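Take a look at the structure below.
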Amino acid sequence: NIYVTKFSVGFGPKLFSYQGEEVEYSLRAIPLGGFVAFPDDDPDSEIDKEDPNLLKNRPIFDRALVISAGVIANTIFAAAVLFAQVTTVGLNYETLKPGVLVPDLVPRIVKNDVILSVDGKEIMSSKSS
């Protein structure tokens with residue numbers, strides 16, 4: 001076990017907070033990421049500075065695992081948001097067609113006619129056609 005004093009989802013001002021036996025849990029205003037606070041550098045902490053359950057007193061592998069857990073959690077969350085967006089909203093595909101879409105302004109050309117060439121020269125595809 002590694003001592004933790006705060007566990008928060010989000011950043012900014014607290015919207016909701018609950019003080020557990022040892023940990024303060026909170027929900028913050030900006031729902032991006034979050035943080036975990038450790039008592040290692042807290043001068044008011046009553047935990048002995050040599051306690052083996054403080055993060056700074058753990059083996060390097062344990063510290064690396066704890067620190068990388070936040071990055072991994074954020075990466076998984078970002079992938080989940082991207083997956084949800086693609087499966088619900090979809091991706092934007094543009095289909096380019098040759099010619100120019102003409103409004104109903106020119107005589108003998110009807111609205112929505114497509115001009116494919118002018119004086120024998122082919123008109124290339126564009127986003128607006």
Side-chain angles (χ1 to χ4, degrees):
N1 293 338
I2 296 176
Y3 291 123
V4 172
T5 55
K6 294 180 183 178
F7 179 85
S8 178
V9 175
F11 295 99
K14 292 179 190 175
L15 298 176
F16 172 76
S17 178
Y18 168 74
Q19 180 64 47
E21 283 187 36
E22 298 176 0
V23 181
E24 176 190 357
Y25 302 93
S26 63
L27 181 63
R28 306 277 178 139
I30 303 170
L32 298 174
F35 66 90
V36 175
F38 302 97
D40 296 36
D41 298 321
D42 184 3
D44 298 332
S45 176
E46 297 174 5
I47 300 171
D48 180 27
K49 298 293 181 191
E50 300 304 318
D51 190 312
N53 287 332
L54 285 175
L55 182 64
K56 68 180 181 180
N57 297 334
R58 299 298 290 220
I60 190 74
F61 178 76
D62 290 355
R63 288 183 278 166
L65 188 63
V66 168
I67 291 168
S68 63
V71 175
I72 293 168
N74 284 335
T75 303
I76 291 169
F77 178 70
V81 168
L82 181 62
F83 178 77
Q85 188 269 330
V86 169
T87 56
T88 58
V89 177
L91 297 174
N92 185 19
Y93 291 105
E94 293 184 23
T95 305
L96 300 180
K97 299 177 183 177
V100 177
L101 188 60
V102 179
D104 192 17
L105 301 175
V106 183
R108 297 186 314 184
I109 298 178
V110 181
K111 183 177 180 178
N112 293 328
D113 276 356
V114 177
I115 299 173
L116 299 174
S117 66
V118 176
D119 290 333
K121 294 182 182 177
E122 187 176 320
I123 297 174
M124 302 304 292
S125 300
S126 70
K127 289 182 180 180
S128 61
S129 60

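Everything numeric in this text was worked out from a predicted model, so none of it was measured.
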For residues 10-19, tabulate all N or O donor-acceptor pairs below 3.5 Å that involve a side-chain atom, not counting sequence neighbours.
{"from": "Lys14", "atom 1": "NZ", "to": "Glu24", "atom 2": "OE2", "distance (Å)": "2.4"}
{"from": "Ser17", "atom 1": "OG", "to": "Glu24", "atom 2": "OE2", "distance (Å)": "3.0"}

| remark: Closest heavy-atom pair, Lys49 versus Asp42, reported as atoms and distance to 0.1 Å, is NZ-O, 3.5 Å

| Just wondering, do Phe38 and Lys56 contact through their side chains at under 4.5 Å, heavy atoms? | no

| task | Check the hydrophobic clustering (I, L, V, M, F, W, Y; side-chain heavy atoms under 4.5 Å; chains of links allowed) and say if Ile2 and Val23 are grouped together. | result | yes

For a quick test of your reading: what N or O donor-acceptor pairs under 3.5 Å do the side chains of residues 83-91 make, sequence neighbours left out?
{"from": "Thr87", "atom 1": "OG1", "to": "Phe83", "atom 2": "O", "distance (Å)": "2.9"}
{"from": "Thr87", "atom 1": "OG1", "to": "Ala84", "atom 2": "O", "distance (Å)": "3.2"}
{"from": "Thr88", "atom 1": "OG1", "to": "Ala84", "atom 2": "O", "distance (Å)": "2.6"}

| Sub-3.5 Å donor-acceptor pair from the side chain of Thr5 to the main-chain atoms of Ala37, do we have one? | yes

| query | Are the side chain of Asn53 and the backbone of Tyr3 linked by a donor-acceptor contact shorter than 3.5 Å? | reply | no

| said: With a sphere of 6.0 Å drawn around OH of Tyr25, does it hold more than 12 non-hydrogen atoms of other residues, nucleotides or ligands? | reply: no

| Asp40: side-chain hydrogen bond (donor to acceptor under 3.5 Å, both in side chains) partners, not counting sequence neighbours | none

| field | Where at least one partner belongs to residues 75-93, residue pairs that pass salt bridge (charged side-chain N to carboxylate O under 4.0 Å, His left out), sequence neighbours excluded | value | none

| request: Report the residues that fulfil side-chain contact (heavy atoms from CB on, under 4.5 Å) with Arg63, sequence neighbours left out, ordered by chain and then residue number. | output: Leu55, Arg58, Ile60

List the atom pairs, donor and acceptor, that lie under 3.5 Å between side-chain atoms in residues 75-82 and the rest of the protein, sequence neighbours left out.
{"from": "Thr75", "atom 1": "OG1", "to": "Val71", "atom 2": "O", "distance (Å)": "2.9"}

| field | Leu27-Val36 co-clustered via ILVMFWY side chain contacts under 4.5 Å | value | yes

| said: Would a single hydrophobic cluster contain both Leu54 and Phe7, if residues Ile, Leu, Val, Met, Phe, Trp and Tyr are joined by side-chain heavy-atom contacts under 4.5 Å? | reply: no

